[in-house]
**Q** 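To start, I am sharing the structure in question, which I have written as structure tokens.
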Amino acid sequence: MTQDIIHFDKVVKRFGDLTVLNNLDFSVKRGEKVSIIGPSGSGKSTVLRILMTLEGIEGGKVTVDDEPLWHEQAADGTLKAASEAHLRKMRAKLGMVFQHFNLFPHMSVMRNITEAPVKVLGLSKAEARQRGEELLDLVGLADQAQKYPGQLSGGQKQRVGIARALAMRPSILLFDEPTSALDPELVGEVLNVIGKLADEHDLTMLLVTHEMRFAREISDRVCFFDRGKIREEGTPEELFTDPSEERTREFLSAVLDG
Ligand SMILES: Nc1ncnc2c1ncn2[C@@H]1O[C@H](COP(=O)(O)OP(=O)(O)OP(=O)(O)O)[C@@H](O)[C@H]1O
């Protein structure tokens, strides 16, 4: 087992003529909490979408938990395109919390959380419900299990989104700007839950965020993305107080003053 749980090796991602990831080298260690920051359009969300297998890649290699994500080893040892079964197995290692929650509106909070563990992992309804209760407790929503998403605030919906992702017991949790669709007064409750997870669990966490103060608080490492590459990375202390690249400094002064 190698130290890296996520490894991007010269990954190229294009949309038509637009090269979004340009020979990206990037890795995350087991248990590490990493934040990705950077200007709009720099490819931050695309990294998460590739990991969730929502987007394919045009070049390079992505490895998750020591196995290639988009390829699998044929009997003769060569790599071939991944089968649907391989992608399903790889996807189970990852959970994602989306900017717009993506809850099922016609299902109760509890059913939003139990649906995939029952259908995909084969848990009994009782087991899934018990897991759901524990997770709702963790995110401070034990009393909301029977409500529907439309009856919840944005902050509550996002906390359900976090519980739903955790219900699949992923080794890696991805967050795609989890607070950017929320009213400012609801941001804190979601950041508190994510901060608690970061402190108390050995989950690997990869967070795309515009919340600089939060990235600074919870991350072991912060990566500054610019035009599909990591322009600079370091501990929060290094990156936020003494960035070495002019481009990082410009970005930080724009977002921190703005
Ligand atoms: N499905 C798609 N088809 C075409 N272009 C896309 C698609 N998805 C993303 N892009 C483009 O790829 C670039 C990178 O997008 P991405 O969402 O990764 O950026 P980002 O750094 O997360 O930006 P933001 O902070 O605004 O969310 C953008 O220019 C975007 O318009």
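Counting starts at 1 for both ligands and their atoms, following the listed order. Sequential numbering from 1 along the given sequence is applied to the chain's residues.
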**Q** Which protein heavy atom lies closest to atom 28 (C) of ligand 1, and at what distance to 0.1 Å?
**A**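 Nearest neighbour among protein heavy atoms for atom 28 (C) of ligand 1, to 0.1 Å: Gly41 CA, 3.9 Å.
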**Q** Does Arg231 pair with Glu246 as a salt bridge, N-O distance under 4.0 Å?
**A** no
**Q** Do Ser83 and Glu72 have side-chain atoms, one donor and one acceptor, less than 3.5 Å apart?
**A** yes
**Q** Need the ligand 1 atom indices (1-based, order shown) with element for anything under 4.0 Å from a heavy-atom of Pro39.
**A** 21 (O)
**Q** Under a 4.0 Å N-O cut-off, is there an ion pair linking Glu134 with Arg131?
**A** no
**Q** Under 3.5 Å, is there a donor-acceptor pair between the side chain of Asn112 and the main chain of Met107?
**A** yes
**Q** Based purely on interatomic distance, does Gly43 place a nitrogen or oxygen under 3.5 Å from a nitrogen or oxygen of ligand 1?
**A**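 Right, the criterion is met.
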**Q** Quick check: closest heavy atoms across Pro68 and Leu79, and the distance to 0.1 Å?
**A** CG-CD2, 4.1 Å
**Q** Out of Ile36, Thr46, Thr19, whose heavy atom sits nearest atom 18 (O) of ligand 1?
**A** Thr46
**Q** For ligand 1, which atoms, with element, lie under 4.0 Å from some heavy atom of Val20?
**A**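 The list of qualifying atoms is 12 (O), 13 (C), 14 (C).
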**Q** Taking the six-membered ring of Phe101, is the NZ or CZ of Arg164 close enough (under 6.0 Å from the centre) and on axis enough (within 45°)?
**A** no
**Q** Any protein heavy atom under 4.0 Å from atom 30 (C) of ligand 1?
**A**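 Within 4.0 Å of atom 30 (C) of ligand 1, no protein heavy atoms are found.
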**Q** Is the contact between Leu18 and ligand 1 made by the side chain, the backbone, both, or neither, using heavy atoms and a 4.0 Å cut-off?
**A** side chain
**Q** Nearest protein heavy-atom contact for atom 17 (O) of ligand 1: which residue, which atom, what distance?
**A** Ser45 CB, 3.6 Å
**Q** What I want to check is whether the side chains of Glu55 and Thr46 have a donor and an acceptor closer together than 3.5 Å.
**A** no
**Q** Hey, does Gly38 come in under 3.5 Å of ligand 1, counting only N/O atoms on both sides?
**A** no
**Q** Going by heavy-atom distance to atom 27 (O) of ligand 1, choose the closest among Glu177, His210, Lys44.
**A** Glu177
**Q** Identify, for atom 1 (N) of ligand 1, the protein heavy atom at the shortest distance, and state residue, atom and that distance.
**A** Phe15 CE2, 3.5 Å
**Q** Could you find the nearest protein heavy atom to atom 26 (O) of ligand 1 and give me its residue, atom name and distance?
**A** Ser40 OG, 2.5 Å
